[in-house]
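As structure tokens, the structure follows; a few thoughts come after it.
Reminder, nothing fancy here: chain letters follow the sequence lines and each chain counts from 1.
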Amino acid sequence: MLEVYSTLHRALVSFEPRTKGKVSMYVCGPTVQSEPHVGHGRSAVAFDVIWRYLVWSGYDVTFVRNITDIEDKIIAAAEEAGESVETLAREMAKRFEDAFVGLGVLSPDFEPKATEHIDEIINLTAVLIDRGLAYARDGDVYFSVRALESYGKLSGRNPDDLRSGYRIEVDESKEDPLDFAVWKSAKPGEPSWESPWGPGRPGWHIECSAMAEKYLGQDFDIHGGGSDLIFPHHENEIAQSEGASGTTFARYWLHNGMVNLGGEKMAKSTGLVVDLASIIESHGGRALRMLYLRAHYRSPIEYSEVLLSEAAEALDRLDRFRKRATPGVPEEIALDRFREAMDDDFGTPQAISLLFDLVRDGNRLLDEGGEASAVAGAVETIVAVLGFDDASDPAVGEHALTDAEVDVLVGERNQARSDRRFDDADAIRDALEDQGVSLEDGPNGTRWLRK
RNA sequence: GGCGACGUGGCCGAGUGGUUAGGCGCGGGUCUGCAAAACCCGUUACACCGGUUCGAUUCCGGUCGUCGCCUCCA
């Protein structure tokens, strides 16, 4: 019985999808304004695992992760770079895609872009105006926060509190400073689309309302994203969608925690960022995935080279067992324990703990001369659901030895060992180590593996 | 100021009203030509102060501290 922590409920609640056996899920993907950093990777991995687990659990899942490719920041970044908004957005979207592939993040069923859903956005905006929840002013359209009684229900705020914390400059055309833009009139040189209110572009938030409805309908199951999106982004999505439809937008709201650097949130605005692509290149997407999944997806996590190395070492231990054991039919008890861990709000730390329990059990069985196929089978199943197999290993140097070359050297070394020329044997072992190949001498001969 | 999360052993990080999380590290051992790997043993904790209880790290109240959101943000 799956339970999820829903931000809207502020509690662990049992998961009951709109349609039995089916799950509809929408996750806020990136605003493609700049290169992805380690924080973006975490969100992608978190929801990738949630998706994989739901599928493995037997649900027929429809997963949508959007790309916001028109927005103030993108326009500003494009201007600075001296290229078109479209070019920059396309380039950055590609960088995100590549990084996600490295992390083993699967492609969603739909990956809609804001700029390809302008008609839906305009229609939704028109509905909001019809219902008295939005108003046009000089080519802009604003959502009237005070017109929606339930505004603030996700983030636990009420408009009066917000007013006291109000810090941005007053835009004279708004009726109330809390109102937010649904549609923005185009400034000269900016990309724009024709609309009943004149040429313009979507505000931030409306694209998600429009696209989620298009692909998943109303009252869909899971809406996810980073915890920093709770307010205002998700609050405003709810306001727009529920204001327009009069019904529930999404049933469960899941939010992943932030990645910290030295105790502070990784964010472009503070310059505290670690480039995602370069970490994947140097340490591998699998190690980073391990770092992410060792903590619960809602907890904040610290990023550092040391912590990443530790995650990589844990992963090595897992890999060594997997190379040693031959998987068979998974042990049912282990899978039950896995379900128990994951059914508790996708408890990957527990699942990984279980994984290492299994590794120890399996190694012990093999050490004792038994066989560990059921344990290894369970390990493989869990590894697949957690996505470790689809993520990348560190990029290897070009001068890496081929398998055949390694086999030859290992043979030479073993000859030297039987001749008791241990200096020669050790020299070969050291040379292989330098090439990233580790040797393990066992009772059944020498095994080698690449690091 | 408002809303929310959290404070666990050398480090990371789960969990529980009374019984070993797990990983990394460290110490000892088995194995090995040596090493590595693997296994075994050991290492150690629940921020502080009250309260409830036979018993609290776990529940309640308070204190202190950290972090996030309230502006763009995964």
Next item on the list: Could you check whether F422(A) gets within reach of a base, just the sugar-phosphate, or nothing at all, counting any heavy atom under 4.0 Å?
Entry: base
Check: Is any side-chain N or O of D426(A) under 3.5 Å from a base N or O of rG33(B), one able to act as donor and the other as acceptor?
Finding: yes
Notebook entry, point to check: Rounded to the nearest Å, what distance is computed from the CG atom of residue L354(A) to the P atom of nucleotide rG22(B)?
Noted result: 12 Å
Checklist line | Which residues share a salt bridge (charged side-chain N to carboxylate O under 4.0 Å, His left out) with D69(A), sequence neighbours left out | finding: none
Next item on the list: For rU16(B) and rU58(B), measure between their P atoms and round to the nearest Å.
Entry: 13 Å
Notebook entry, point to check: Of all the choices, rG33(B), rC72(B), rC11(B), which nucleotide is nearest to the side chain of R417(A) once you look at every atom?
Noted result: rG33(B)
Set out, line by line, the N/O atom pairs under 3.5 Å between protein and nucleotides 3-8 of chain B.
residue : atom : partner : partner atom : Å
rC3(B)  : O2'  : S155(A) : O            : 3.3

Notebook entry, point to check: Within 45° of the ring axis of Y5(A) and under 6.0 Å from its six-membered ring centre, is that where the NZ or CZ of R298(A) lies?
Noted result: yes
Margin query: For the P atoms, the ones on rU66(B) and on rG61(B), what distance do you get once it is rounded to whole angstrom?
Written below: 22 Å
Note to self: Under 3.5 Å for both pairing distances: what stems, at least three Watson-Crick or G-U pairs long, include RNA chain B?
What the structure shows: B:1-7 with B:64-70, B:10-12 with B:22-24, B:25-30 with B:38-43, B:47-51 with B:59-63
Next item on the list: Starting from P on rG13(B), measure out to CG on L291(A) and report it in whole angstrom.
Entry: 9 Å
Checklist line | Rounded interatomic separation in angstrom, taking OH from Y26(A) and C1' from rA74(B) | finding: 14 Å
Notebook entry, point to check: Side chain of N260(A): nearest nucleotide among rC67(B), rC24(B), rC69(B)?
Noted result: rC67(B)
Please write out each protein N/O paired with an N/O of nucleotides 14-17 of chain B under 3.5 Å, distance rounded to 0.1 Å.
residue : atom : partner : partner atom : Å
rA14(B) : OP1  : H296(A) : N            : 3.2
rA14(B) : OP1  : S299(A) : OG           : 3.4
rA14(B) : O2'  : Q350(A) : OE1          : 3.1
rA14(B) : O2'  : Q350(A) : NE2          : 2.7

Next item on the list: Measure the distance from CG on L272(A) to C1' on rC72(B) and round it to the nearest whole Å.
Entry: 15 Å
Checklist line | Distance between P atoms of rC40(B) and rC24(B) (Å, rounded) | finding: 12 Å
Notebook entry, point to check: Across the strands shown, which category fits E313(A) at heavy-atom distances under 4.0 angstrom: base, sugar-phosphate, nothing?
Noted result: sugar-phosphate
Next item on the list: Select base, sugar-phosphate, or nothing to describe what V259(A) touches, counting heavy atoms under 4.0 Å on all strands.
Entry: base
Check: So what does R322(A) hit on the nucleic acid, given a heavy-atom distance under 4.0 Å: a base, only sugar-phosphate, or nothing?
Finding: nothing
Checklist line | Pairwise P distance for rG13(B) and rU53(B), with rounding to whole Å | finding: 36 Å
Notebook entry, point to check: For atom P, what is the distance between rG7(B) and rG17(B), given to the nearest Å?
Noted result: 16 Å
Check: Is R364(A) close to D367(A) at the side-chain level, that is, under 4.5 Å between some pair of heavy atoms?
Finding: no
Item checked: Criterion side chain to side chain contact (heavy atoms under 4.5 Å, CB included) on E207(A) and I121(A), from CA distance to verdict -> CA-CA 6 Å; E207(A) 82 284 16; I121(A) 289 167; 3.9 Å; yes
Next item on the list: Specify the residue among F356(A) and G39(A) whose closest nucleotide of RNA chain B lies further upstream toward the 5′ end.
Entry: F356(A)
Note to self: Using only modelled atom types and a 3.5 angstrom limit, is any donor from either the side chain of D441(A) or the base of rA35(B) paired with an acceptor on the other?
What the structure shows: yes
Next item on the list: Would you give the length of the straight line joining atom CD1 of I382(A) to atom CG of L318(A), rounded to the nearest 0.5 angstrom?
Entry: 9.5 Å
Item checked: Modelled atom types, side-chain donor and acceptor of H296(A) and Q350(A), under 3.5 Å -> no
Margin query: I need a per-nucleotide contact map over nucleotides 38-43 of chain B, read 5' to 3'. Cutoff is protein heavy atoms under 4.0 Å; write B for the base, S for backbone only, - otherwise.
Written below: SSS---
Next item on the list: Could you please spell out the steps behind the side chain to side chain donor-acceptor pair (under 3.5 Å) verdict for D419(A) and Q415(A)?
Entry: CA-CA 6 Å; D419(A) 297 346; Q415(A) 184 58 51; 3.1 Å; yes
Next item on the list: Take the protein atom CG of N236(A) and the nucleotide atom P of rU71(B), then report the distance between them rounded to whole Å.
Entry: 11 Å
Notebook entry, point to check: Quick one: on RNA chain B, does S353(A) or G225(A) contact a more 5' nucleotide (nearest heavy atom)?
Noted result: S353(A)
Notebook entry, point to check: Roughly how far apart, to the nearest Å, are rG42(B) and rU20(B) at atom P?
Noted result: 12 Å
Next item on the list: Determine the interatomic distance between P on rG55(B) and the same-named atom on rG23(B); round to the nearest Å.
Entry: 35 Å
Margin query: If I take atom CE in residue M258(A) and atom P in nucleotide rA74(B), what distance separates them, rounded to the nearest angstrom?
Written below: 9 Å
Next item on the list: Go through rA74(B), rG22(B), rG68(B) for me and flag the one nearest to the D357(A) side chain.
Entry: rG22(B)
Margin query: Under 4.0 Å, heavy atom to any atom of RNA chain B: which of residues 93-113 of chain A qualify?
Written below: none
Notebook entry, point to check: The side chain of K265(A) lies closest to which of these nucleotides: rC34(B), rA74(B), rG22(B)?
Noted result: rA74(B)
Margin query: Both conditions, 6.0 Å and 45 degrees, for the charged tip of R417(A) above the ring of F422(A): are they met here?
Written below: no
Item checked: Gap between atoms CG and P, on L229(A) and rC70(B) respectively (whole Å) -> 10 Å
Notebook entry, point to check: With sugar-phosphate meaning primed atoms plus P, OP1 and OP2, does L439(A) contact a base, only sugar-phosphate, or nothing at under 4.0 Å between heavy atoms?
Noted result: base
Next item on the list: Rounded to the nearest 0.5 Å, what's the gap from CG on L276(A) to CD on E281(A)? Could you check?
Entry: 12.0 Å
Note to self: Can you tell me which residue among R289(A), R52(A), R322(A) is in a salt bridge (Lys or Arg N to Asp or Glu O under 4.0 Å) with D389(A)?
What the structure shows: R322(A)
Notebook entry, point to check: Under a 4.5 Å cut-off applied to non-hydrogen side-chain atoms, are F180(A) and Y142(A) in contact?
Noted result: no
Check: Contact class for D72(A) vs. all strands (heavy atom < 4.0 Å): base, sugar-phosphate, or nothing?
Finding: nothing
Next item on the list: Return the value, rounded to whole Å, for the distance between atom CG of D430(A) and atom P of rA36(B).
Entry: 12 Å
Check: Which is true for G263(A) with a 4.0 Å heavy-atom rule: it touches a base, it touches only sugar-phosphate, or it touches nothing?
Finding: sugar-phosphate
Note to self: Mind checking if N256(A) touches a base, just sugar-phosphate, or nothing, with heavy atoms under 4.0 Å?
What the structure shows: base
Notebook entry, point to check: Which whole number of Å gives the distance between the C1' atom of rG9(B) and that of rU43(B)?
Noted result: 10 Å
